[in-house]
There are 2 protein chains.
Amino acid sequence: VSEPARTPEPPYYAVIFSSVLSHDVEGYVQTSDRMMALASGQPGFLGVESAREEIGITVSYWRDLDAINGWRRHAEHVEAKRIGRTRWYKTYRLRICRVEREYGAP
Amino acid sequence: VSEPARTPEPPYYAVIFSSVLSHDVEGYVQTSDRMMALASGQPGFLGVESAREEIGITVSYWRDLDAINGWRRHAEHVEAKRIGRTRWYKTYRLRICRVEREYGAP
């Protein structure tokens, strides 16, 4: 991800996923790339931003809660989350937010 | 920032600041560190998460919109934002969000 997402006028939704990786990251990068590509093709997907240092932060933007729920229940995503919870993530938080205002430049 | 923020039960607010740096980053790290320390001491501050690769993402969490507005108007922060807009940031987006749900482990 090389630039901030180009999102429409609020309101829309953001999913903030914050995580710290464990030592067992076998398969993580491939699955992460695959999930990013898959999410981007979902109905109601608006954009994504991601960066990792000590902590990883991925923010995905969605038209509404239905779009988030659709992605949440996607079979391949469900399986990736199961592996993530049991192996890749030492800790994680997921926050579902309603974006109310947006500013920026240029 | 080495772990996800420990925030209270929703609802509360998140400010998602996404940016790409310009080539002129003189003074940026010092100011960024200072702003992080200063924000942490503001009334209603709940936590912060930050990572930068190609894009930088800083998510700060706040009790309510009053807390966000208080920080937004802090004199030293106002000056830092002015320099950021004119020098450090090639592009940025700031999104103000109401956090409605939160999950995580452990």
Side-chain angles (χ1 to χ4, degrees), chain A residues 1-22 32 46-62 64-65 68-69 72 81-82 84-106, chain B residues 1-22 32 46-62 64-65 68-69 72 81-82 84-106:
Chain A
V1 178
S2 59
E3 60 172 27
R6 294 165 185 277
T7 38
E9 280 289 300
Y12 54 88
Y13 279 79
V15 177
I16 305 171
F17 182 74
S18 312
S19 66
V20 175
L21 294 176
S22 73
S32 175
L46 301 177
V48 65
E49 299 164 348
S50 190
R52 180 174 294 282
E53 288 184 284
E54 286 181 273
I55 192 175
I57 306 172
T58 297
V59 188
S60 57
Y61 299 102
W62 302 87
D64 52 31
L65 288 174
I68 292 173
N69 283 326
R72 198 160 66 92
K81 286 188 290 188
R82 191 190 61 75
R85 279 195 302 269
T86 54
R87 295 185 51 184
W88 297 322
Y89 298 119
K90 184 176 161 194
T91 177
Y92 71 92
R93 305 305 291 174
L94 186 144
R95 295 176 173 99
I96 297 179
C97 319
R98 185 174 186 271
V99 181
E100 300 189 339
R101 285 189 286 170
E102 175 176 347
Y103 315 89
Chain B
V1 178
S2 60
E3 60 171 27
R6 293 164 186 276
T7 38
E9 281 288 301
Y12 54 89
Y13 279 79
V15 177
I16 306 171
F17 182 73
S18 311
S19 65
V20 176
L21 293 176
S22 73
S32 176
L46 300 176
V48 66
E49 299 164 349
S50 190
R52 179 174 295 280
E53 288 184 286
E54 288 181 270
I55 193 174
I57 306 173
T58 297
V59 187
S60 56
Y61 299 101
W62 302 87
D64 52 30
L65 289 175
I68 292 173
N69 284 326
R72 198 161 66 91
K81 286 189 287 187
R82 191 190 61 76
R85 278 195 304 270
T86 55
R87 295 185 51 182
W88 297 322
Y89 297 118
K90 184 176 162 194
T91 177
Y92 71 91
R93 304 305 291 174
L94 186 144
R95 295 175 173 100
I96 297 179
C97 319
R98 185 174 186 272
V99 181
E100 301 188 340
R101 285 188 286 171
E102 176 177 346
Y103 314 91

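Heavy-atom basis, side chains included; hydrogens, waters and symmetry copies ignored. Not measured: the values here are computed from a predicted model.
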Interchain contact, B:Leu94 with chain A, by part (heavy-atom threshold 4.5 Å): both
Contact origin within B:Phe17 toward chain A - heavy atom pairs under 4.5 Å: neither
Option that, when pairs with chain B are counted at under 4.5 Å, heavy atom only, ranks first among A:Arg85, A:Glu54, A:Glu3, A:Lys90: A:Glu54
Residue pair A:Val15, B:Arg101: steps toward the side-chain contact (heavy atoms from CB on, under 4.5 Å) verdict: CA-CA 10 Å; A:Val15 177; B:Arg101 285 188 286 171; over 6 Å; no
Portion of A:Ile68 that has a non-hydrogen atom of chain B nearer than 4.5 angstrom: neither
Atom pair SG (B:Cys97) and CD1 (A:Ile96), whose distance is rounded to the nearest 0.5 Å: 12.5 Å
Proximity breakdown for A:Tyr13 and chain B, heavy-atom pairs closer than 4.5 Å: side chain
Donor on one side chain, acceptor on other, A:Thr7 and B:Arg93, under 3.5 Å: no
Closest-packed option against chain A by number of heavy-atom pairs under 4.5 Å, given B:Pro11, B:Ala51, B:Pro10: B:Ala51
Contact check, side chains of A:Ser2 and B:Val20, non-hydrogen atoms, under 4.5 Å: no
Exercise: identify the closest heavy-atom pair between B:Tyr61 and A:Ser18: OH-OG, 4.2 Å
Nearest-0.5 Å distance that lies between atom CD1 in B:Ile55 and atom OG in A:Ser50: 9.0 Å
Interatomic distance, A:Ile57 atom CD1 to B:Thr58 atom OG1 [nearest 0.5 angstrom]: 6.5 Å
Interchain contact, B:Ala14 with chain A, by part (heavy-atom threshold 4.5 Å): side chain
Distance in Å, B:Ile16 CD1 paired with A:Glu102 CD, rounded so as to fall on 0.5 Å steps: 9.5 Å
B:Arg52 with A:Glu53: basic N within carboxylate O range, under 4.0 Å: no
Side chain to side chain donor-acceptor pair (under 3.5 Å) between A:Arg95 and B:Tyr103, worked out: CA-CA 7 Å; A:Arg95 295 176 173 99; B:Tyr103 314 91; over 6 Å; no
